[in-house]
Amino acid sequence: MGTLFPPLPPGPFDIIYADPPWDYKGQLQHAGEGSGDTGGAARHYPTVTLDDLKTLNVPDISAGDSLLFMWATNPHLDQAIDLGKAWGFAWATVAFVWDKVRVNPGFYTMSQCELCLVFKKGKIPSPRGARNVRQLVTAKREAHSQKPDEVRQRIEEMFPLLRRVELFARPQGGRGLADGGWETWGFEASETRASGEARRVASQVFGEREGAKP
């Protein structure tokens with residue numbers, strides 16, 4: 001994986017915010033019989049297997065006392081907890097529940113919410129800021145995988161003076177990637193953008209692994 005992605009920014013970071021490109025094994029979304037392909041993660045970016053995500057050297061860039069905020073799609077909750085532990089963190093709780101307002105079809109119930117989990121390494125880092133930040137975030141779902149700016153803003157309120165990094169970052173809403181004092185990393189983070197060749201190879205490798213072109 002190290003040859004396919006740009007190097008991680010040098011740590012240590014107190015706050016790590018990650019939105020992993022979970023692997024769906026080529027599965028695409030469908031809105032029902034006759035609706036056709038409505039898209040899926042693999043249509044938008046190279047997705048990554050859990051085993052490959054575990055090799056990302058997050059432990060080396062996280063401070064001894066640090067938090068990991070990680071987005072987890074509902075089918076990948078068990079993998080997300082596994083990944084957080086593999087990166088050297090202990091499972092803590094659900095930090096944010098995002099009500100997307102818009103719904104997607106599901107096998108059991110209509111899908112409308114996504115969770116941002118939080119993991120802890122050592123103690124909760126200090127100094128801390130706001131301690132009355134709400135868990136529920138209501139924001140209409142927009143572009144595929146785009147997360148609401150409100151979540152980053154709430155993390156900033158909680159830890160305004162600590163060093164923060166966003167992994168698998170993408171431009172979101174009206175804010176730039178570096179707004180709010182964040183360092184960023186990922187294919188779509190211009191500050192750490194991988195070479196075009198690395199992006200092409202990654203897309204090909206992960207797309208073939210899923211059986212679908214990204």
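Side-chain atoms are counted along with the backbone in the values below, which use heavy atoms only and exclude waters and symmetry mates.
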> Could you check whether any side-chain N or O of Gln135 sits under 3.5 Å from a backbone N or O of Val94, counting only pairs where one atom can act as donor and the other as acceptor?
yes
> How about Phe96 and Ile155: do any of their side-chain heavy atoms sit closer than 4.5 Å?
yes
> Can any side-chain N or O of Arg164 pair as donor or acceptor with the backbone N or O of Phe159 at less than 3.5 Å?
yes
> Are any side-chain N or O atoms of Trp185 and backbone N or O atoms of Pro7, one a donor and one an acceptor, separated by less than 3.5 Å?
yes
> Salt-bridged, Arg154 to Glu150, with N to O below 4.0 Å?
yes
> Tell me, do Val48 and Asp23 make a side-chain contact under 4.5 Å, heavy atoms counted?
no
> Please walk me through it: do Asp65 and Lys120 pass salt bridge (Lys or Arg N to Asp or Glu O under 4.0 Å)?
CA-CA 8 Å; Asp65 294 332; Lys120 182 175 68 170; over 6 Å; no
> Do Glu114 and Asn74 meet the criterion of a side-chain donor-acceptor pair at a distance under 3.5 Å?
no
> Indicate if Leu77 and Met70 have the same hydrophobic cluster label, given that clusters are the connected sets of ILVMFWY residues with side-chain heavy-atom separations under 4.5 angstrom.
yes
> Hey, does the side chain of Arg102 reach the backbone of Arg141 with a donor-acceptor pair shorter than 3.5 angstrom?
yes
> Within the 4.5 Å heavy-atom criterion, are Phe119 and Phe69 side-chain neighbours or not?
no
> Do Asp14 side-chain atoms and Arg163 backbone N/O form a donor-acceptor pair below 3.5 Å?
yes
> Strictly by modelled atom types, are Trp71 and Tyr17 linked by a side-chain donor-acceptor pair under 3.5 Å?
yes
> As a test of understanding, state which of Leu68, Thr184, Val58 forms a side chain to side chain contact (heavy atoms under 4.5 Å, CB included) with Leu167.
Val58
> Any heavy-atom pair between the side chains of Lys54 and Asp82 that's under 4.5 Å?
yes
> What's the verdict on side-chain contact (heavy atoms from CB on, under 4.5 Å) for Asp99 and Val137, showing C-alpha distance, side-chain angles and the deciding distance?
CA-CA 6 Å; Asp99 173 8; Val137 176; over 6 Å; no
> Using distance alone, with no hydrogens and no angle criterion, decide if Ser66 and Lys121 have a side-chain donor and acceptor under 3.5 Å apart.
no
> What I'd like to find out is whether the side chain of Val118 reaches to under 4.5 Å of the side chain of Thr93, using heavy atoms alone.
yes
> State whether Trp98 and Lys100 meet the cation-pi test: NZ (Lys) or CZ (Arg) under 6.0 Å from the six-membered ring centroid, and within 45° of the perpendicular axis.
yes
